[in-house]
Peer 1: 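First, the structure itself, so that you have it in front of you.
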2 protein chains.
Amino acid sequence: MTSERNEPPARAGRRPTMVDVARLAGVSLKTVSRVVNGEPHVQRAMADRVLAAVAELGFQRNHMASALRAGRASATIGLVIEELTNPFYSTIAHVTAEMARDRDTLLLSASSEEDPVREEQLLRDLCSRRVDGLLVVPAGCDHSFLNSQVEMGIPVVFLDRPGTNIEADAVLLDNRGGARSGVRRLVADGHRRIGVLLDSVDVHTMRERLAGAQDALADAGIGYDGALVRGGVRDPATAATAVADMLTQPDPPTAFLALNNRITVGAVQELWRRGSDAGLVGFDDFELSHLMPRPLTVIGYDTRELARRATQLLFARIDGDRSRPRTVVLPTELLERGLTPARTPR
Amino acid sequence: MTSERNEPPARAGRRPTMVDVARLAGVSLKTVSRVVNGEPHVQRAMADRVLAAVAELGFQRNHMASALRAGRASATIGLVIEELTNPFYSTIAHVTAEMARDRDTLLLSASSEEDPVREEQLLRDLCSRRVDGLLVVPAGCDHSFLNSQVEMGIPVVFLDRPGTNIEADAVLLDNRGGARSGVRRLVADGHRRIGVLLDSVDVHTMRERLAGAQDALADAGIGYDGALVRGGVRDPATAATAVADMLTQPDPPTAFLALNNRITVGAVQELWRRGSDAGLVGFDDFELSHLMPRPLTVIGYDTRELARRATQLLFARIDGDRSRPRTVVLPTELLERGLTPARTPR
DNA sequence: CGAACCTTGGACAACGTTGTCATACTCTCC
DNA sequence: GGAGAGTATGACAACGTTGTCCAAGGTTCG
């Protein structure tokens with residue numbers, strides 16, 4: 001196209017900058033900036049020349065430089081979750097990314113792997129990249145270091161669990177109520193000895209769910225039996241072991257409450273393997289739950305709504321909402337699908 | 001702590017910069033930079049003063065400014081997939097994020113939703129943020145616009161499907177061989193009429209898998225019957241419909257090959273619902289496949305390895321590997337789990 | 001015909017950081 | 001004791017962009 005030029009091609013693998021475009025088009029730097037950003041007050045002919053140069057050089061604005069200069073937002077939000085592989089978290093990531101896209105914002109996501117140290121590192125790293133806001137499913141037990149970040153303009157919204165030592169928005173589930181209604185159902189089916197399988201009481205949601213289960217037992221006048229609560233169940237395999245172990249004890253449980261979906265899967269597997277007819281209610285629905293070898297009753301909730309509300313809240317903050325931090329609690333729902341083969345239905 | 005100071009606090013919600021730190025510590029800007037970056041040649045006492053000032057102000061280096069000035073990498077890689085909710089993709093995202101973390105690199109991930117236009121937008125956006133590299137599960141049919149990016153230093157690695165009109169690394173699965181072995185199995189079990197359910201032939205993987213199925217049929221001397229191939233199956237619901245429809249045709253299939261996991265789920269569901277004993281082999285393993293109402297034979301592969309290889313390749317490129325683009329094909333494996341209730345086993 | 005305006009374009013500084021270079025000082029060794 | 005090497009610190013420019021301001025030229029209107 002442009003056959004003659006007196007300056008050297010100038011692009012030794014280097015990326016073209018606005019200066020290069022300006023030189024090629026024979027206009028000033030600022031004019032290029034105006035054209036690239038669609039600002040008014042540039043003559044058509046001049047704009048065309050600039051655009052031609054942009055096209056020829058393959059120029060692309062450097063987002064970092066732009067954001068730096070303009071003191072503008074980085075059009076990025078940070079998401080810190082436990083691990084992306086879990087459908088619960090990937091759904092959150094997906095919903096958030098989708099909503100972010102409508103604002104030309106991208107998602108910088110990272111997994112804490114439930115490690116508080118790592119969580120803090122990640123959060124600090126995200127802040128140093130000047131994300132516009134943070135969405136966090138907290139693993140750590142102290143988020144006070146985020147206070148200054150919030151003050152300096154990086155809002156934080158917690159998801160699924162509240163943050164600690166920080167006043168910030170949170171969108172949570174009614175874990176306690178959910179577990180309570182699950183156990184209530186088992187009790188109504190005649191179960192009196194209900195094994196509870198949970199990950200760790202260090203996790204807020206687990207504590208809440210356990211408390212809900214105990215609420216229901218207390219409601220039914222059933223005393224607490226420590227032997228029926230099994231913690232440290234991290235994955236399907238340990239869940240299966242725990243179930244097997246509890247069933248072979250004297251006076252075994254006749255039903256189980258699995259406090260998350262990984263545990264539920266392990267429990268189903270083990271009960272199925274041994275042909276046991278013990279009752280089972282699981283917290284968290286999961287995609288194929290209705291196709292399990294035995295239909296399952298689960299305590300479900302709307303993960304997408306959880307993410308949606310949190311993201312909305314975050315964007316409101318990013319847009320300058322300075323009202324007091326809010327905590328939103330979303331309901332759970334008992335999805336009865338056959339299950340809990342009532343031992344002694346009465 | 002520091003009780004007196006003559007300059008104003010200076011932080012009207014503004015973030016402290018190195019200049020602020022330098023002023024407070026009474027040293028030069030460059031000295032702060034040295035301390036913050038752990039460069040040598042700073043006296044202990046001076047470094048301590050700087051660190052104290054950093055702590056007091058809550059200073060945090062601006063990653064964007066730093067990367068800009070140093071012309072350095074942004075310590076970010078871009079991942080474009082179809083949709084994060086699918087376990088296949090979330091596993092990829094997870095593995096990649098994990099490997100990136102070892103290099104203090106974060107993952108900027110985005111879903112193309114199989115929309116080529118959107119894919120291109122996302123890729124351009126990622127490039128304008130100067131990611132260090134791109135990992136792409138391509139949806140589009142022309143990636144020539146990435147050529148200049150590669151030339152200018154943003155390497156691209158394609159995952160699961162090759163890019164089009166671009167010479168770049170790719171890590172793929174042996175889709176054709178996998179489908180072939182799946183159908184071979186069904187044929188060995190005595191099936192002659194095998195229904196094939198696929199998404200769209202516009203997708204590279206689907207074409208390959210279909211071709212593999214046809215290979216196996218040809219090997220067995222079974223003629224091609226267009227009525228047995230059903231495209232446009234996008235999700236479990238349409239898969240169920242397709243199965244139902246095909247089973248009620250005259251001379252129905254006695255077995256099905258589902259060309260991805262969403263389709264497999266729908267097919268299982270429908271076969272189960274009707275109590276059909278038709279054979280079934282699904283492409284893609286999925287977590288609970290062994291817990292399905294009827295055990296399933298699936299064509300599996302190592303998704304983590306796929307992601308691992310691709311990420312390795314990408315980092316090698318980022319580190320300056322200028323060798324010819326490579327294409328890696330990973331094997332699939334037929335995971336026989338009961339299934340394909342041999343109609344006429346012989 | 002000149003004042004007042006609008007349009008268009010450019011020069012320059014600034015965003016927050018780091019690389020380059022210069023300076024002042026200390027130490028070593030012949 | 002002076003050359004040479006090394007250490008500690010700072011001044012300044014630069015990364016690629018955008019905001020501010022000014023100037024040149026054109027148009028309108030009294």
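Lettering of chains follows the sequences in order, A, B, ..., and the numbering in each one begins at 1.
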Peer 1: Which part of the nucleic acid, if any, lies within contact of B:S66, taking any heavy atom under 4.0 Å across all strands shown: a base, the sugar-phosphate backbone alone, or nothing?
Peer 2: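 B:S66: backbone/sugar contact only, no base atoms under 4.0 Å.
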
Peer 1: A:N37 CG to D:dT20 C1': how many Å, rounded?
Peer 2: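 Result: 16 Å.
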
Peer 1: Describe the nucleic acid contact of B:R61 in one word from base, sugar-phosphate, nothing, applying a heavy-atom distance below 4.0 Å.
Peer 2: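 Sugar-phosphate, backbone atoms only, no base.
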
Peer 1: Looking at every non-hydrogen atom in both residues, tell me the closest pair between A:G133 and A:I154 and how far apart they are.
Peer 2: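 Closest approach of A:G133 to A:I154, heavy atoms only: CA-CG2, 4.0 Å.
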
Peer 1: So B:T31, base contact, sugar-phosphate only, or nothing? Heavy-atom distance under 4.0 Å.
Peer 2: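 B:T31: backbone/sugar contact only, no base atoms under 4.0 Å.
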
Peer 1: Between B:A65 and A:M46, name the one whose nearest nucleotide on DNA chain C is closer to the 5' end.
Peer 2: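 Of the two residues, A:M46 wins.
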
Peer 1: Only distances under 3.5 Å count here; give the side-chain donor-acceptor pairs of residues 122-130 of chain A to other protein atoms, sequence neighbours excluded, each with its distance to 0.1 Å.
Peer 2:
unit_1, atom_1, unit_2, atom_2, d
A:R124, NE, A:E120, OE2, 3.2
A:R124, NH2, A:E120, OE2, 2.9
A:D125, OD1, A:R129, NE, 3.1
A:S128, OG, A:D125, O, 3.3
A:R129, NH1, B:S74, O, 3.2
A:R129, NH1, B:A75, O, 3.0
A:R129, NH1, B:T76, OG1, 2.7
A:R129, NH2, B:A75, O, 3.0
A:R130, NH1, A:C127, O, 3.1
A:R130, NH2, B:Q60, O, 3.0

Peer 1: B:M18 has an atom CE; how far is it from atom P of D:dA11, in whole Å?
Peer 2: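 So the CE-P distance, B:M18 to D:dA11, works out to 16 Å.
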
Peer 1: Salt bridge or not for A:E82 and A:R161, using N-O below 4.0 Å?
Peer 2: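 Salt bridge: yes.
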
Peer 1: For A:R69, what residues pass the side-chain contact (heavy atoms from CB on, under 4.5 Å) criterion, not counting sequence neighbours?
Peer 2: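 Partners of A:R69 under the side-chain contact (heavy atoms from CB on, under 4.5 Å) test: none.
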
Peer 1: Considering the options B:V137, B:T311, B:L135, which one meets the side chain to side chain contact (heavy atoms under 4.5 Å, CB included) requirement together with B:L79?
Peer 2: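 Exactly one option meets the side chain to side chain contact (heavy atoms under 4.5 Å, CB included) with B:L79, and it is B:L135.
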
Peer 1: How many Å lie between CD on A:E39 and C1' on D:dT20, as a whole number?
Peer 2: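 Spelled out: CD on A:E39 to C1' on D:dT20 is 12 Å.
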
Peer 1: Given atom CZ of B:R44 and atom C1' of D:dT7, what is their separation to the nearest angstrom?
Peer 2: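 Taking atom C1' of D:dT7 as the reference, CZ of B:R44 is at 17 Å.
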
Peer 1: Let me know which of B:R317, B:R326, B:R309 forms a side chain to side chain donor-acceptor pair (under 3.5 Å) with B:D169.
Peer 2: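 Testing B:D169 for a side chain to side chain donor-acceptor pair (under 3.5 Å) against B:R317, B:R326, B:R309 leaves exactly one candidate, B:R317.
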
Peer 1: Identify, between A:V36 and B:H41, the residue whose nearest nucleotide on DNA chain D lies closer to the 5' end.
Peer 2: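 So the residue in question is B:H41.
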
Peer 1: From the 5' end of DNA chain C to its 3' end, which nucleotides mark the outer limits of contact with chain A, defined by a 4.0 Å heavy-atom distance cut-off (strictly under)?
Peer 2: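 In short, chain A contacts DNA chain C from C:dT8 to C:dG16.
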
